[in-house]
2 protein chains.
Amino acid sequence: MTGLSQDRSITLSVDAMGGDQGPAVVAAGVSKFLSSDPAAQVLLHGQREILEPLFAGSDVAARVKIVHATGVVAMTDKPSNVMRSGKATSMWSAVDALRDRRADACVSCGNTGALMAVSMIRLRKAEGVNRPAIACLWPSRNPNGFNVMLDVGADIRADQDDLLAYAMMGASYARNGLGLKRPRVGLLNVGTEEHKGRAELKVASDMIASAADKGDFDYVGFVEGGDIPSARVDVIVTDGFTGNVALKTGEGTATLISGLLREAFLSSIASKVAALLTRGAWPVLKSRIDPRQVNGGVFLGLGGLVVKSHGSADATGVCAALSLAARLARSDFSERLAHRIAGVSALHQDTPKEIEA
Amino acid sequence: MTGLSQDRSITLSVDAMGGDQGPAVVAAGVSKFLSSDPAAQVLLHGQREILEPLFAGSDVAARVKIVHATGVVAMTDKPSNVMRSGKATSMWSAVDALRDRRADACVSCGNTGALMAVSMIRLRKAEGVNRPAIACLWPSRNPNGFNVMLDVGADIRADQDDLLAYAMMGASYARNGLGLKRPRVGLLNVGTEEHKGRAELKVASDMIASAADKGDFDYVGFVEGGDIPSARVDVIVTDGFTGNVALKTGEGTATLISGLLREAFLSSIASKVAALLTRGAWPVLKSRIDPRQVNGGVFLGLGGLVVKSHGSADATGVCAALSLAARLARSDFSERLAHRIAGVSALHQDTPKEIEA
């Protein structure tokens with residue numbers, strides 16, 4: 001990804017509770033991240049009696065400040081309930097640290113809907129954004145190895161204005177997260193011909209095309225599901241229902257294939273020998289398609305930077321989400337994005353630092 | 001798949017033109033299919049002067065009857081134009097042979113939208129069906145290796161009544177195409193909890209649950225994108241926009257991974273040796289995820305059996321689509337489905353023959 005230096009001190013606000021794997025895995029991810037990023041500090045929100053022992057004697061303990069919070073948001077909790085009565089939870093506490101500017105970004109492995117709901121009421125939506133979106137990185141054929149797709153599940157619907165905002169936000173994310181100067185944006189549809197698809201997509205397509213210069217991106221028009229991992233496009237724009245189904249379908253397909261591969265390699269002695277011979281090749285492949293390496297859905301369109309780590313992420317996955325949050329925080333991504341969306345920006349102001357330099 | 005015998009004579013009506021690969025590839029697929037199915041005959045529609053030489057001296061020539069048609073539907077033709085002025089095309093001719101009962105099923109590699117449009121006006125919709133659907137087979141963890149998903153692109157929208165009809169039709173297809181006595185049906189959504197997703201999906205979910213006994217299937221409730229290739233479900237119901245995006249995303253992901261695999265195996269001498277050692281394992285894997293083996297979108301809800309082969313199918317792919325059409329034609333699938341949907345059927349009447357036996 002981008003080559004921003006780690007010398008700038010940053011603080012991440014991390015919700016230690018609520019993931020599928022429990023706080024010990026989050027703590028292991030935090031340790032891994034802090035070992036790799038000497039200028040970073042973490043505010044860790046959750047039950048002190050559980051969290052403190054996890055860092056006893058650790059090299060990084062001095063850079064972890066535990067913020068006690070008794071409540072835990074469960075994966076099954078309804079977002080509306082958490083909004084009403086979730087003030088004592090670790091999630092709320094983690095978001096509030098960002099709101100109060102005690103941290104530069106917030107990361108949670110918890111309930112996605114609740115995290116978005118709490119983020120919306122505590123951080124507010126950015127000016128000019130009606131529906132915030134969640135953007136993910138998708139393994140692709142592009143030189144840097146990834147494409148951006150949004151929305152992958154913040155909202156189940158999006159009208160043409162939302163899709164235009166997603167295009168602007170996605171382009172800004174690709175610039176700051178992937179270091180692309182002028183990202184290529186495509187709108188997901190069931191065909192690339194102009195007459196295909198829903199009527200609102202045609203309207204959105206025209207609007208995005210008109211905004212390309214102001215948004216500093218190239219619009220490639222409609223793209224199809226098969227283009228998501230391709231080198232035809234850098235940013236794929238869609239509504240949160242379609243994007244969520246596509247994301248999970250892609251993950252499910254990758255899981256099916258790797259399971260079948262594993263079985264194929266265990267099917268004979270010859271193939272077991274082959275598996276040994278190719279053990280150098282696997283890490284390369286795995287690093288390209290391992291969902292843990294691209295863990296972290298970024299919430300776009302809020303008054304602060306929130307990253308959602310996968311609920312079932314292991315320490316490697318949590319570390320990847322924290323590293324992504326740190327990288328984006330150091331690029332002042334949220335501020336650049338907010339200026340861009342609000343339309344008060346001069347052109348190029350969200351050009352990332354490493355491109356300017 | 002099912003073990004229906006090939007002793008029953010059947011005739012397939014095949015559109016030889018309009019695919020991406022040209023008529024020679026379709027002819028090669030027809031030859032391959034006829035060699036494997038001695039009781040089958042083919043009506044091959046297209047330009048006689050092109051098609052006749054392709055079967056000169058062939059063993060199967062006696063079972064191929066060429067039906068001359070001058071026009072060709074291009075992949076870029078608008079369906080509405082083909083409906084108005086496509087009477088002289090090979091596609092129209094192929095569908096009409098089915099309509100006139102000169103054939104038991106129709107197969108085309110051509111323009112999907114045009115094929116659906118021509119099929120709708122020539123074959124009419126089955127009683128009780130508002131929107132016909134396209135069903136595909138999806139490689140899965142189930143014992144028979146496949147799940148059914150629909151709609152994957154007949155229509156870009158579906159209301160609750162359509163989704164209910166898709167559940168009935170998909171269950172019937174799974175019974176007759178995959179030999180499952182009581183298929184498990186799931187409705188695609190962005191989460192499995194009841195409160196998730198669009199309002200119309202909740203209504204559809206209740207309707208499908210109520211129809212499970214009449215439709216002779218088990219309803220498993222909402223499923224997510226990751227469940228499509230899983231063993232949790234046999235039939236995945238969704239609208240044609242979402243289904244088409246999911247299908248193409250799955251294909252794109254499989255293509256990305258196999259490309260990266262190939263590169264990993266060519267990255268060193270050791271891995272090249274490994275590739276040789278595992279050459280026995282690859283066909284097993286490939287037969288599970290090779291899209292050519294599961295080629296053939298079945299049009300459901302029409303007054304006749306139409307199978308759409310992938311536009312870029314090679315001879316193996318065309319043969320797979322023809323074999324699928326032959327298998328379904330021999331099971332009297334269309335008639336069973338029509339009775340089931342029209343609600344005039346007694347229970348179990350679409351139990352496939354091999355289960356009854």
Side-chain angles (χ1 to χ4, degrees), chain A residues 76 78 113 139-141 153 156-157 188-191 193 195-198 224-230 238 240-261 263-268 270-271 273-282 284-285 288-289, chain B residues 76 78 113 139-141 153 156-157 188-191 193 195-198 224-230 238 240-261 263-268 270-271 273-282 284-285 288-289:
Chain A
T76 49
K78 275 197 180 188
S140 86
R141 280 284 178 186
I156 52 169
R157 49 180 60 80
L188 192 60
N189 198 352
V190 294
E193 301 90 341
H195 64 271
K196 290 226 174 154
R198 299 173 177 152
E224 299 186 82
D227 296 317
I228 299 175
S230 81
T238 188
F241 186 91
T242 310
N244 187 270
V245 168
L247 175 65
K248 289 177 178 165
T249 302
E251 287 175 351
T253 306
T255 303
L256 175 75
I257 296 175
S258 43
L260 294 174
L261 263 178
E263 287 158 27
F265 266 103
L266 294 176
S267 63
S268 72
S271 57
V273 173
L276 274 176
L277 280 171
T278 52
R279 66 191 188 282
W282 292 112
V284 179
L285 176 65
R288 293 292 300 273
I289 60 166
Chain B
T76 49
K78 274 198 179 185
S140 87
R141 280 281 176 188
I156 52 169
R157 49 180 61 80
L188 191 60
N189 197 352
V190 294
E193 301 91 343
H195 64 270
K196 290 226 174 155
R198 298 172 177 153
E224 297 185 82
D227 296 317
I228 300 175
S230 81
T238 188
F241 186 91
T242 310
N244 187 269
V245 167
L247 175 64
K248 288 176 178 166
T249 302
E251 287 175 351
T253 306
T255 303
L256 174 75
I257 296 176
S258 45
L260 294 174
L261 263 179
E263 287 159 26
F265 267 101
L266 294 176
S267 63
S268 72
S271 57
V273 173
L276 273 176
L277 280 171
T278 52
R279 68 192 187 282
W282 291 112
V284 179
L285 176 65
R288 292 291 299 275
I289 59 167

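Order of the sequence lines sets the chain letters (A, B, ...), proteins ahead of strands, with each chain counted from 1.
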Just verifying a value: how many Å separate B/Glu224 CD and A/Asn244 CG, rounded to the nearest 0.5 Å? 6.5 Å
Could you state the interatomic distance from OG1 (A/Thr249) to CG (A/Leu256), rounded to the nearest 0.5 Å? 12.0 Å
With sequence neighbours left out, the residues meeting side chain to side chain donor-acceptor pair (under 3.5 Å) with A/Asn189 are none
Those residues that, when tested against A/Thr242, pass side chain to side chain donor-acceptor pair (under 3.5 Å) (two or more places apart): A/Asp239
Can you tell me which of B/Pro229, B/Gly113, B/Gly240, B/Gly191 forms the most heavy-atom pairs within a distance under 4.5 Å of chain A? B/Pro229
Looking at A/Thr255, A/Val245, A/Val190, which one has more heavy-atom pairs under 4.5 Å with chain B than the rest? A/Val190
Please look at A/Ile156 and chain B and tell me whether the side chain, the backbone, both or neither of the residue comes under 4.5 angstrom of a heavy atom of that chain. both
